[in-house]
Amino acid sequence: MPSEFEIIRRYFSRPARHAVLGVGDDAALLAPSPGMELAAATDLLVGGRHFLPGADPRLLGHKTLAVNLSDMAAMGATPRWAMLAMALEKDDEAWLAVFSAGFYALAERFGVDLVGGDTTRGPLALCVAILGEVPAGSALRRDGAHAGDDVWVSGELGGAAYALTDPGDAAAARRLHAPEPRVALGEALRGLASAAIDVSDGFAQDLGHILESSRVGAEVRYALLPRHRIADPVLERRCVLSGGDDYELVFTAPPAQRAAIERLAGEPKLTRVGTILAGAAALRVLDERGAPIAAERGYDHFAP
Ligand SMILES: [Mg+2]
């Protein structure tokens with residue numbers, strides 16, 4: 001196996017454009033812009049748990065960074081710097097070259113510098129830590145939703161989960177393996193949205209996090225939810241309400257911001273799906289006749 005230093009030099013040492021000092025010293029040196037707060041997040045993908053051992057390394061490079069960019073989007077932050085720690089099973093330079101190309105293709109599209117990381121031998125695991133910037137006081141937090149706010153969803157839901165049951169659906173497979181982080185939308189929602197989260201564990205569960213943090217309830221009309229086309233209605237409900245990995249944004253905003261939010265819609269589309277209610281942090285999803293639908297909880301890594 002090439003040495004740790006060789007791997008970093010060959011595959012993970014593109015010049016940093018927004019760092020004082022990038023890869024190659026004990027630590028990177030970063031200079032946040034004046035007036036900005038740093039947003040920091042990390043996400044760990046484990047082989048056999050989050051992706052299959054034979055997963056396409058280019059898509060894996062994309063997704064490893066994309067899920068972290070999505071967390072920046074959900075905060076309204078502009079992603080700037082990433083660090084990548086990897087446990088690798090074997091000496092596979094072809095795999096590393098393709099993985100790093102997939103990672104950098106997305107990093108360069110979003111102006112993100114890879115400024116550090118670590119490699120070791122072990123069961124395949126990929127961990128990115130990401131830093132972004134957001135004007136002080138304007139981050140999109142989970143605890144800002146108020147009774148009377150609208151609930152909005154970007155793009156459509158359910159495709160990523162559906163891809164696991166129908167590998168022939170190419171659009172669903174793209175949703176699962178090559179999610180598009182909604183960074184520009186997150187930035188544009190600063191000052192408009194009252195709360196936001198990205199859909200990583202399922203719409204019901206992720207909106208539930210906003211409700212718990214904001215101490216409010218919500219009512220959502222299932223028929224209004226933007227949905228991936230799925231023929232089986234029972235499977236559709238499960239994928240749309242409880243499927244994870246869509247990496248769309250769910251956000252709340254006062255009705256006074258409707259026109260401004262509608263002006264942002266395009267790619268992705270933005271759909272108003274319900275209302276925030278005063279009271280307990282409970283989500284009610286109603287069917288076409290106004291009857292409540294029982295939503296399964298989404299993905300919980302520590303569920304038995
Ligand atoms: Mg998130």
Side-chain angles (χ1 to χ4, degrees), residues 37-46 49-51 60 62-85 106-107 110 112 125-134 138-145 151-161 175-190 193-214 218 225-226 239-253 268 270 273 281 283 295 297-303:
E37 288 171 346
L38 284 178
T42 187
D43 216 61
L44 173 63
L45 299 182
V46 175
R49 183 149 191 97
H50 299 98
F51 56 90
L60 205 50
H62 173 103
K63 188 164 180 177
T64 304
L65 181 58
V67 300
N68 284 276
L69 294 176
S70 180
D71 279 330
M72 293 292 103
M75 296 302 290
T78 303
R80 292 275 188 233
W81 305 288
M83 286 174 281
L84 170 65
L106 192 64
F110 284 95
V112 170
L126 306 160
C127 182
V128 167
I130 193 157
L131 292 167
E133 294 185 305
V134 59
S138 66
L140 307 178
R141 298 162 48 140
R142 296 180 183 182
D143 60 2
V151 179
W152 296 79
V153 178
S154 72
E156 61 180 35
L157 300 171
R175 301 306 308 253
L176 177 63
H177 299 299
E180 179 65 19
R182 302 307 191 187
V183 172
L185 173 61
E187 292 169 330
L189 287 173
R190 293 173 193 157
S194 51
I197 192 167
D198 63 324
V199 181
S200 55
D201 297 328
F203 170 78
Q205 180 149 312
D206 289 320
L207 176 55
H209 292 314
I210 288 182
L211 304 183
E212 282 159 27
S213 296
S214 300
L225 286 171
C239 290
V240 168
L241 295 177
S242 312
D245 265 4
D246 282 314
Y247 298 102
E248 294 295 348
L249 296 186
V250 173
F251 58 96
T252 62
L270 302 176
V273 301
L283 170 61
R297 283 175 61 88
Y299 192 70
D300 179 344
H301 296 270
F302 293 99

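Starting from 1, each residue takes its place in the sequence as its number. Here the structure is a predicted model, which means the values were calculated and not measured. Note that ligands are numbered from 1 as they come in the structure, with each ligand's atoms numbered from 1 the same way.
- To the nearest 0.5 Å, atom CD of residue E248 and atom CG of residue L270 are 9.0 Å apart.
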Q: Mind running salt bridge (charged side-chain N to carboxylate O under 4.0 Å, His left out) on E187 and R182 for me, showing each step along the way?
A: CA-CA 9 Å; E187 292 169 330; R182 302 307 191 187; over 6 Å; no
Between side-chain atoms of residues 63-70 and protein atoms elsewhere (two or more places apart, or another chain), which donor-acceptor pairs fall under 3.5 Å?
unit_1: K63; atom_1: NZ; unit_2: L176; atom_2: O; d: 2.9
unit_1: K63; atom_1: NZ; unit_2: D245; atom_2: OD2; d: 2.9
unit_1: T64; atom_1: OG1; unit_2: L60; atom_2: O; d: 2.6
unit_1: N68; atom_1: OD1; unit_2: D43; atom_2: N; d: 3.3
unit_1: N68; atom_1: ND2; unit_2: T64; atom_2: O; d: 2.9
unit_1: S70; atom_1: OG; unit_2: D198; atom_2: OD2; d: 2.7

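- The CD atom of Q205 lies 8.5 Å from the CD atom of E212; values are rounded to the nearest 0.5 Å.
- No hydrogens or angles considered: nothing links the side chains of T252 and R142 as a donor-acceptor pair under 3.5 Å.
- The CZ atom of R141 sits 12.5 Å away from the OG atom of S194 when rounded to the nearest 0.5 Å.
- Less than 2.8 Å away from the Mg ion (ligand 1), the protein contributes these N/O/S atoms: D71 OD1, D198 OD1.
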